[in-house]
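Pasting a structure below so you can have a look.
Positions are given from 1, in the same order as the sequence printed here. Numbering of ligands and ligand atoms starts at 1, following listing order.
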Amino acid sequence: MNLKRKLTAFLAAAVMAVTGAAGALGTAFSAVTAYAAETGVDYVSIHGRLKVSGNKIVDKNGKEFQLRGMSTHGIMWETYGDVLSYDSLKVLRDDWKCNTIRIAMYTEEWGGYTTGSTYATQAKAKIATGVENAKKLGMYVIIDWHILNDGNPNTHKTEAKAFFKEMVNKYNSYDNVLYEICNEPNGSSVKWTGTNGIKSYCTDVVNTIRTAEKAKTGKNSIIICGTGTWSQDIQDVVGNTLTDKNCVYALHFYANTHTDWLRNRVKTCSSSIPILVSEFGTCDASGNGGFNKSETVKWLDTLDSLKIGYINWSLADKNETASAFKNGTNLKKISSGEGSLTESGKLIRSEYRKRAPAETVTPTTYKITGTSNVAVRITAANKTQGAAAGGTYSITGLANGTYTVSCYSMAGAKYVDRTYSLTVKNKDATLDVKLYLKGDVNGDGKITTVDIGLINSYIRGIKQLDDYQKLVADVNGDGKVSTADIGKINGHIRGTVKLF
Ligand code: IDC
């Protein structure tokens, strides 16, 4: 029986065993999940986890990298969180050339995070949708603690710390996540320095994040720190940065309100501190009125020349100038092209398309290589390669995707054939093949009472066996792992039964 048929038979038997309450079997074999092929640019695979180097954000190769993207409006407002769907983010990535999405979660206004636990739960579910979809698409994602009414970030410092700790625990291993810890501190008494100042808030929250990261994988995400006067006072940070060097400082502008004077500040400060324009608008600071194309273009020219990233406000269809979409647009499934865009949306889309650098993904096909412990024939994507015992193999010309790699023993039936599921995504993959002897459940190359012990524990429900181990344990080939197999293996050890 070939392996596929064997597996199918085993599955059928497993189902029968479960439904028939035979009791000897644990879980049925898990299905291989198919991988949807991607056509667009997977920014995160190409550029990896970003970090701050000196006063610039750089990619995994140490090359300056500009975040370029769109911000949601408040994810709890109206239907504005809908835009975090896979389909809409894909349009932003492929048609708008955005490499980043910013998820704005208000802390106070309109179902704000701190105004009720139900809201907080809903907000986190929306964040999860956005982060997961961004990850699938290879886009960077900023989780934005969107203070505004709060004025002083210290107002909700306790909640902020708990929130970011939770985010780190969830997303620490994700290479695409950045944290923005206070959107726009504001109020005449809210300054960078001082005991109740922004710096002290940032120091505390950054500490919480770093401690949580250390407790997980130790990987470190970029943290975006807001600055005074609605994130305009970057000059206060110069000479007084946080000790943590993987932080950038936020500068926000609205093109019709903030002009040369603020651009000059950016030019001056950018030589000494890392800056990110984590929010900007094409209009008045109110978000409504004053659409200003020429000032917007001047800003983007300046920021491009300084290699500073920028994120536009906002992906809403609200009746206000800053909105990218016309009122009534289905945000869950936005379309490519200009059809549903406002003048602001049209400008941003066309500027981004012009400004995004070409991304090259080379090569476009990949290989799976590895070794094998015994002589095998290995098949993936209808390509077959052989490997000698202890030798290597290489299957080339594979596109991105998840492959079933089937390994047939050429060393006789004493070895149990095996299938692996392997994902190839923008790089070569390795797979060292290991076939087990029939009955050798722990794969140590011997058939012993230890293997019997494992099967026994499995039958009694104390230990799990993986799908391959179950095949190895099923020495009588009846599709079940049962005491009958133990009997046969026992006989083999005592020399009364031949397993092969
Ligand atoms: C605005 C929204 C508007 C909403 C208001 C709430 O566009 O629909 O009613 O917030 O107070 C910012 C803020 C951002 C503002 C935006 C425009 O970060 O939350 O959004 N803006 O006023 N800073 C400068 C401008």
Taking the six-membered ring of Y201 as reference, does the cationic atom of K157 (NZ for Lys, CZ for Arg) lie under 6.0 Å from its centre and within 45° of its axis?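 Judged by the rule, K157 and Y201 form no cation-pi pair.
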For S71, which residues count as a side-chain hydrogen bond (donor to acceptor under 3.5 Å, both in side chains) partner, sequence neighbours excluded?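 Counting only residues at least two positions away or on another chain, S71 forms a side-chain hydrogen bond (donor to acceptor under 3.5 Å, both in side chains) with R102.
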Cation over ring, R353 on W96, under 6.0 Å and within 45°?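 Ring-cation test returns no.
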Name the atoms and distances for all side-chain donor-acceptor pairs under 3.5 Å in residues 184-192, with sequence neighbours left out.
unit_1, atom_1, unit_2, atom_2, d
E184, OE2, H252, ND1, 2.6
N186, ND2, L148, O, 2.9
N186, ND2, E184, O, 2.9
W192, NE1, N240, O, 2.9

At a 4.0 angstrom heavy-atom cut-off, what protein residues surround ligand 1?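 Ligand 1 is contacted, at a heavy-atom distance under 4.0 Å, by H73, W77, Y106, H146, L148, N183, E184, Y254, E279, A285, S286, G287, W313, K318, E320.
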For residues 205-235, which residue pairs qualify under ring pair (Phe, Tyr, Trp, His ring centres under 6.0 Å), counting only residues two or more places apart or in two chains?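 Listed once each, the pairs would be none.
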Do W299 and F253 make the cut of ring centroids closer than 6.0 angstrom?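 Yes, the ring centres sit under 6.0 Å apart.
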